[in-house]
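Keep in mind that this is a model prediction, so the values were computed, not measured. Just so we're on the same page: letters track the sequence lines, and every chain starts at 1.
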Amino acid sequence: MTKKIFINEKDIYDFWEKEKIFSADLNSKKPKYSLLIPPPNLTGELHLGHAMQHSILDALARFKRMQGFDVLLLPGVDHAGIQFESTFDKKLSREGLTKQKLGRDEWLKKAWEFKEDIYKSVSGSWRMMGLSADWSREVFTLDEKCQNAVFEEFKTYFDKGLIYRGPYIVQWCPRDQTAIEDVEVEYEQRKEKLYYLKYGPLTLATVRPETKFGDTAMAVNPKDARYKDYVGREFEIETLHGKKMMRVIADDAVDPKFGTGVIKVTPGHDFTDYEIGKRNNLPIIHVINKEGKLTDVAGKYAGMKVAAAREAMLPELREKGILVKEEEYVHNVSVCERCKSTVEPIISEEWFVNVSEMAKAAVKVIDAGEIEFFPPNYKKILTEWLSDIHDWCISRSLWWGHRIPVWYKGKEMKVSQESPGEGWKQDEQVLDTWFSSGLWPLSTLGWPFANAQGKPEKTKEFERYFPWDFEISAPEIKYLWIARMIMISNYFTRQVPFKTMFFHGMLRDLQGRKFSKSLGNGIDPIYLIDQWGVDATRMALYTYSIPGRDGRVSKQILDERGKNFRNFGTKIRNIAKFVLELKPQDTNSLRSTVYGLQSKNKDDKWIKEELEKLIKQVTKNLESLELHLAVDDIYNFVWHDLADKYIEKSKSRRGEAQMTLEYVLKNVLIVLHPFMPYLTEEIYQMFDKTKTSIMLEEWPS
RNA sequence: GGGCGGUUAGCUCAGUUGGUUAGAGCGUCACAUUGACAUUGUGAAGGUCACAGGUUCGAGUCCUGUACCGCCCACCA
């Protein structure tokens with residue numbers, strides 16, 4: 001084989017791609033090992049978490065390939081509904097454009113162009129980590145095959161009666177103008193005021209006086225002796241629009257210890273109150289609209305934003321003797337995970353899926369141990385969530401996504417991918433991003449199945465690579481994504497989507513905070529790569545790759561580690577230079593050394609024993625997904641055993657040691673390759689070798 | 001209010017089923033040195049492993065409790 005000299009990392013990557021070493025082979029006789037890359041959101045940069053995730057995936061893929069598996073490492077991108085749309089709308093507003101001005105069709109056209117731009121700028125950096133993915137199979141969640149899969153999913157649920165549309169109280173983000181899921185809501189601790197209001201004979205406490213226009217009852221706990229005599233009776237109460245009769249009801253949801261033990265019931269704008277309202281047949285009054293402003297029922301406060309209206313009405317409440325007391329109150333306010341605006345519970349027409357049966361079935365397969373979780377306690381975390389699941393609100397008032405495949409004509413309704421004909425109008429909403437992401441393990445392999453005759457027939461890809469052997473995720477999307485993949489996959493295929501589920505920890509700043517754009521505390525992996533190289537950056541990240549363990553990092557700490565592993569790379573380069581470039585004239589090439597390792601010298605025997613231990617350890621640690629330990633083992637062996645001890649001693653018997661040196665170095669390169677792919681390939685090419693690339697070498701056993 | 005995780009050297013963290021003097025990197029100090037490598041080598045200092053009990057021949061590791069930090073879940077308006 002000819003030796004190759006590479007100019008830089010990209011040069012090596014291109015070489016691998018050209019040799020098609022990343023491609024999975026459907027017709028391979030080897031056993032398969034499939035890994036599914038979590039599709040990054042199409043909103044911009046690769047962040048540290050991605051970089052770590054990709055590094056872990058790639059190490060395993062390379063390891064399995066060398067172990068003789070036909071590896072599929074499948075890449076893809078997620079359209080990321082809300083996130084993409086808000087990024088794009090911000091860009092439009094800088095150009096003086098709005099959704100309204102453009103209209104849906106024009107907006108979508110521009111959105112697709114923007115998508116292409118973003119994709120181009122980010123896909124390069126995703127590859128830069130060295131990801132040995134099969135790019136020929138890359139999937140985007142809005143590709144035709146995903147569209148088909150999503151339609152099949154929707155239609156199946158619909159036909160089985162699991163999908164329904166109805167008014168429901170949802171978490172509404174007034175800024176993103178869409179309903180969001182419970183799991184997309186964050187809580188922010190805020191100091192507000194608790195207002196005591198006089199309602200007829202009773203006094204109650206509330207933090208939201210502005211919703212009083214929507215009150216339809218007062219409620220107390222049925223066990224509360226103080227109010228026993230009031231229950232079931234109506235009282236005249238003073239409102240801002242004059243006097244009004246209101247009933248007192250009893251409901252278990254009322255906590256007698258809160259405030260005065262009496263609450264006002266506003267079924268239109270509070271989750272508890274909505275439930276109370278349902279149980280007691282209370283009417284629903286809309287006080288807040290989808291822009292977060294008060295409606296006409298608020299009289300002169302109509303049109304004001306919630307917070308402003310609250311302030312504005314206080315003087316009148318005081319004056320009329322309704323507001324009798326105020327106190328400081330610290331509580332959690334719901335905010336939108338994406339844009340951080342206060343979320344309003346409001347009633348909206350939305351689509352839902354009843355997932356309780358699916359979830360039950362998912363709990364069964366998880367309990368049966370069909371998926372191995374890292375760390376193992378996630379098994380319990382997921383089954384508990386699935387056991388207590390609510391109907392899934394799948395509609396979003398966005399334009400970027402899979403449009404709900406329902407068409408209307410007068411009172412008629414049809415589920416169809418294409419327009420059923422003249423006069424039919426499609427539903428305006430799109431599906432929740434996770435509706436398509438939940439299908440990811442299936443849609444990436446060609447589900448739904450149909451042959452030329454339209455009969456179901458599994459694709460070859462699906463037959464071979466499903467279920468996936470390995471999936472990885474950040475813990476924060478365990479419910480949004482992981483639980484749903486398990487549930488949906490099991491529903492459609494009666495199989496788990498993946499056999500191993502790895503949750504990595506979250507990288508945080510030194511105060512333990514998440515990295516976020518708004519805090520400006522992010523660390524750009526591209527910076528680390530520029531500074532220390534891809535391999536060193538990967539190594540630094542592996543030290544944080546322990547399942548479920550968060551890590552605290554700063555730019556300084558990552559620089560330290562990056563520098564350290566860059567030095568390690570230099571160490572190996574120097575070892576290679578010592579062993580291969582400066583070798584004595586009278587020694588043979590590596591090829592002969594493989595057969596001639598019978599040296600009786602005690603140093604030779606020692607280093608070979610240590611090497612064997614290393615190989616065993618690294619193999620074991622990779623198999624048990626403890627990459628940090630594998631990295632540590634190699635580091636110690638190379639630096640302290642091989643370089644500091646063995647090489648130093650070998651200097652007095654250089655020629656004799658040559659064969660052992662080459663043998664050890666070559667094996668070190670192989671076991672290090674999953675972690676530092678570029679460096680190891682570069683040095684491998686300096687050997688008189690038998691394989692085109694180190695990627696094709698066999699893992700030593 | 002429930003559930004989970006963390007607490008080990010100045011900093012960031014390892015420590016795999018309990019087993020000798022508890023480890024790494026960075027930082028600090030001393031010495032060496034152009035010898036594959038100054039992106040170096042040798043050595044040193046630095047820890048009552050959060051705290052209190054318990055199990056054990058033996059506990060950083062297992063059990064109970066406490067404190068602090070963090071995360072997730074939850075309809076306290």
Short side-chain donor-acceptor distance under 3.5 Å, [Y] and [X]:
X: A:Ser624; Y: A:Glu626; result: yes
X: A:Asp559; Y: A:Tyr527; result: yes
X: A:Tyr195; Y: A:Glu327; result: no
X: A:Trp392; Y: A:Asp432; result: yes

Listing for RNA chain B: consecutive Watson-Crick or G-U pair runs of at least 3, distance cutoff 3.5 Å, ranges ordered by first number, gives B:1-7 with B:67-73, B:10-13 with B:23-26, B:28-32 with B:40-44, B:50-54 with B:62-66
Determine the interatomic distance between [atom1] on [N] and the same-named atom on [M]; round to the nearest Å.
N: B:A77; M: B:G5; atom1: C1'; answer: 31 Å
N: B:G35; M: B:C31; atom1: P; answer: 23 Å
N: B:G47; M: B:G53; atom1: C1'; answer: 23 Å
N: B:A9; M: B:C51; atom1: P; answer: 11 Å
N: B:C13; M: B:U7; atom1: P; answer: 10 Å
N: B:U28; M: B:C4; atom1: C1'; answer: 38 Å
N: B:U61; M: B:U21; atom1: P; answer: 16 Å
N: B:G19; M: B:A59; atom1: C1'; answer: 10 Å

By nearest-heavy-atom nucleotide on RNA chain B, the more 5' of A:Asn574 and A:Ile381 is A:Ile381
Notebook entry, point to check: Pick the nucleotide of RNA chain B nearest each of A:Asp644 and A:Gln556; which residue has the one closer to the 5' end?
Noted result: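 Checking each residue's closest nucleotide, the 5'-ward one belongs to A:Gln556.
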Euclidean distance, atom [atom1] of residue [X] to atom [atom2] of [N] [Å, nearest integer]:
X: A:Lys264; N: B:C76; atom1: NZ; atom2: P; value: 16 Å
X: A:His640; N: B:A24; atom1: NE2; atom2: P; value: 8 Å
X: A:Met506; N: B:C4; atom1: CE; atom2: C1'; value: 15 Å
X: A:Leu679; N: B:U39; atom1: CG; atom2: P; value: 18 Å
X: A:Trp639; N: B:A36; atom1: CH2; atom2: P; value: 16 Å
X: A:Phe503; N: B:C71; atom1: CZ; atom2: P; value: 18 Å
X: A:Phe373; N: B:C4; atom1: CZ; atom2: C1'; value: 16 Å
X: A:Arg654; N: B:A36; atom1: CZ; atom2: P; value: 9 Å

Mind checking if [X] touches a base, just sugar-phosphate, or nothing, with heavy atoms under 4.0 Å?
X: A:His269; result: nothing
X: A:Ala576; result: nothing
X: A:Lys571; result: base

Residue-phosphate contact under 4.0 Å: A:Asn567 side-chain N/O, B:U40 OP1/OP2
yes
Looking only at side-chain N and O atoms, does A:Lys651 come under 4.0 Å of OP1 or OP2 in B:A36?
yes
Has the side chain of A:Asp550 got a donor or acceptor atom that lies under 3.5 Å from a matching backbone atom of A:Met506? yes
Does the A:His269 side chain pair with the main chain of A:Pro345, one donor and one acceptor, at a distance under 3.5 Å?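 Judged by distance alone, yes, a pair lies under 3.5 Å.
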Legend entry - Full working for ring-ring contact (aromatic ring centres under 6.0 Å, His included) between A:Phe235 and A:Tyr230: CA-CA 9 Å; A:Phe235 297 95; A:Tyr230 294 88; 5.5 Å; yes
TODO: Classify the side chain of A:Glu648 versus the base of B:C37 as yes if they form a donor-acceptor pair under 3.5 Å and no if they do not.
DONE: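 Pair found.
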Practice problem: Mark yes when over 12 heavy atoms from residues, nucleotides or ligands other than A:Arg508 sit less than 6.0 Å from its CZ; otherwise mark no. | Solution: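 Yes, because the 6.0 Å sphere around CZ of A:Arg508 holds more than 12 heavy atoms from other groups.
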Has A:Arg538 got its NZ or CZ under 6.0 Å from the middle of the six-membered ring of A:Tyr678, at an angle within 45 degrees of the ring axis?
no
Point to revise | Residue A:Tyr635, side-chain atoms from C-beta onward, closest of B:A36, B:G25, B:C72 | key: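 For A:Tyr635, the side-chain atoms sit closest to B:G25.
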Regarding the side chain of A:Phe578, the nearest nucleotide among B:G3, B:A36, B:A77 is B:A36
(message) Once salt bridge (charged side-chain N to carboxylate O under 4.0 Å, His left out) is applied, what residue pairs with a partner in residues 636-650 of chain A remain, sequence neighbours excluded?
(response)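 Applying salt bridge (charged side-chain N to carboxylate O under 4.0 Å, His left out) to every pair that reaches into residues 636-650 of chain A, excluding sequence neighbours, yields A:Asp603-A:Lys649, A:Asp641-A:Lys645, A:Glu648-A:Lys651.
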Once base and sugar-phosphate atoms are separated, protein heavy atoms under 4.0 Å mark nucleotides 5-18 of chain B, 5' to 3', with B, S and - as -S-----BSSSB--
| request: Inspect the contact between A:Arg573 and A:Glu682 and indicate whether a charged nitrogen and a carboxylate oxygen are less than 4.0 angstrom apart. | output: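 A salt bridge links A:Glu682 with A:Arg573.
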